[in-house]
Amino acid sequence: MRILIIEDEGMAAQMAVTELGGALPCEVTVVADPVEALVRLHRERFDVAVVDMLYQAHSVEFERRRRRGRVRLTDARLHLSGLAVLRAAHTASPATRTVLWTNGEPNRRLHMMFAHEQLGCRVMCPKDAVGKLSTAVRAAVRDRELIDPVLGMYFPLPSSPTLGETFFTSSTRLAVWRAMALGVHEHTAIGKIAGVTAGTIRRGMDGLRARLVAFDPGCTLDGPPTAEVVRYASQNWQFFLDDTVREFHR
């Protein structure tokens, strides 16, 4: 079995290699950069790709440019995450199985949901439980769903709205979320990016917040709607500005 691990933390990668090598008959390749992973997946055949979600070097560099106002939604590439690797693994070879190997943190929740809802990733394992990784790989190879409870608690109840029903209902609403994720918080400036008037933005904030509260019970209907929506967009900028999300939803 050929396994590709995409992980930028050296110690975590080495622990994964040790765990998999001791539990499975496999050949393990490790790459730290998702860009290199995209190339390797298209050039070589792997049975399983074990994919981290966020990569510090890419996030830090992108956030530096974002805070300085040097990011545009029309840029050739926005923020690169493990979503691009998960997609590439399936595109390069439908036989390649994937395991999302990530920390359970709030700023990864939307990425995990997108991977599950729209990329068909059915196996997810927490990074702080490396001993479970071989079990996750076996599940992926056998085409069985296995989402560890530590990560599963970040998923909404089955009765809750989906990502698509919350954020991808129209290109204009999505542009508003992306504008706020860029750090644009004034109604007039948001409207300029979304192609609507400041009044339209102001009137639409109640609706955005209502959808958000239905999707995430941790959000509140108290206070001005713009403040809550801006807070959520800022907390989840890595998702709203994700390159793969943009490719699926413009």
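- For His90, there are no side chain to side chain donor-acceptor pair (under 3.5 Å) partners, not counting sequence neighbours.
- A continuous path of hydrophobic side-chain contacts links Phe114 to Met112 [ILVMFWY only; heavy atoms under 4.5 Å].
- Residues passing the side chain to side chain donor-acceptor pair (under 3.5 Å) test with Thr166: none are found, sequence neighbours excluded.
- Linking Ile, Leu, Val, Met, Phe, Trp and Tyr whenever their side-chain heavy atoms come within less than 4.5 Å puts Val51 and Met113 in one cluster.
- Looking at Ser81 and Gln238, their side chains never bring a donor and an acceptor atom within 3.5 Å of each other.
- The side-chain contact (heavy atoms from CB on, under 4.5 Å) search around Thr200 returns Val196, Thr197, Arg203, not counting sequence neighbours.
- Within the hydrophobic cluster formed by Ile, Leu, Val, Met, Phe, Trp and Tyr side chains joined at under 4.5 Å, directly or through other members, Leu221 is accompanied by Val213.
- Looking at residues two or more places apart in sequence or on another chain, you find a side-chain contact (heavy atoms from CB on, under 4.5 Å) between Asp243 and Arg77, Leu78, Arg246, Glu247.
- Side-chain contact, Gln118 with His249: a donor N or O sits under 3.5 Å from an acceptor N or O.
- Ring centroids of Tyr232 and Trp237 are separated by 6.0 Å or more, keeping the two rings apart.
- Between Phe215 and Phe167, the ring center distance clears the sub-6.0 Å criterion.
- Taken together through direct or relayed side-chain contacts under 4.5 Å among Ile, Leu, Val, Met, Phe, Trp and Tyr, Val137 and Val31 form parts of separate hydrophobic clusters.
- A search for ring-ring contact (aromatic ring centres under 6.0 Å, His included) contacts involving Phe239 returns His111, not counting sequence neighbours.
- Remark: Ala115 engages Leu83, Leu86, Leu100, Cys121, Met124 in a side-chain contact (heavy atoms from CB on, under 4.5 Å) (not counting sequence neighbours).
- Qualifying side chain to side chain donor-acceptor pair (under 3.5 Å) partners for Glu7, counting only residues two or more places apart in sequence or in other chains: Lys127.
- By the 4.0 Å N-to-carboxylate-O rule, Glu44 lies close enough to Arg2 to be salt-bridged with it.
- Atom CH2 of Trp177 and atom CD1 of Ile190 lie 10.5 Å apart (nearest 0.5 Å).
- For Ala89, the side-chain contact (heavy atoms from CB on, under 4.5 Å) test picks out Leu41, Ala49, Thr96, Thr98, with sequence neighbours left out.
- Of the candidates Thr18, Ile5, Leu4, Val28 forms a side-chain contact (heavy atoms from CB on, under 4.5 Å) with just one, namely Ile5.
- Scanning for ring-ring contact (aromatic ring centres under 6.0 Å, His included) contacts around His187 gives an empty result, with sequence neighbours left out.
- Sequence neighbours left out, the pairs with a member in residues 211-237 that pass salt bridge (Lys or Arg N to Asp or Glu O under 4.0 Å) are Arg109-Asp216, Glu228-Arg231.
- One hydrophobic cluster, built from ILVMFWY side chains closer than 4.5 Å, holds both Phe168 and Phe155.
- Cluster membership check: Val30 does not share its hydrophobic cluster with Val39, using side-chain heavy-atom separations under 4.5 Å among Ile, Leu, Val, Met, Phe, Trp and Tyr.
- In this view, Glu61 and Arg65 satisfy the side chain to side chain donor-acceptor pair (under 3.5 Å) rule, not counting sequence neighbours.
- A distance of 5.0 Å separates OG of Ser59 from CG of Leu54, quoted to the nearest 0.5 Å.
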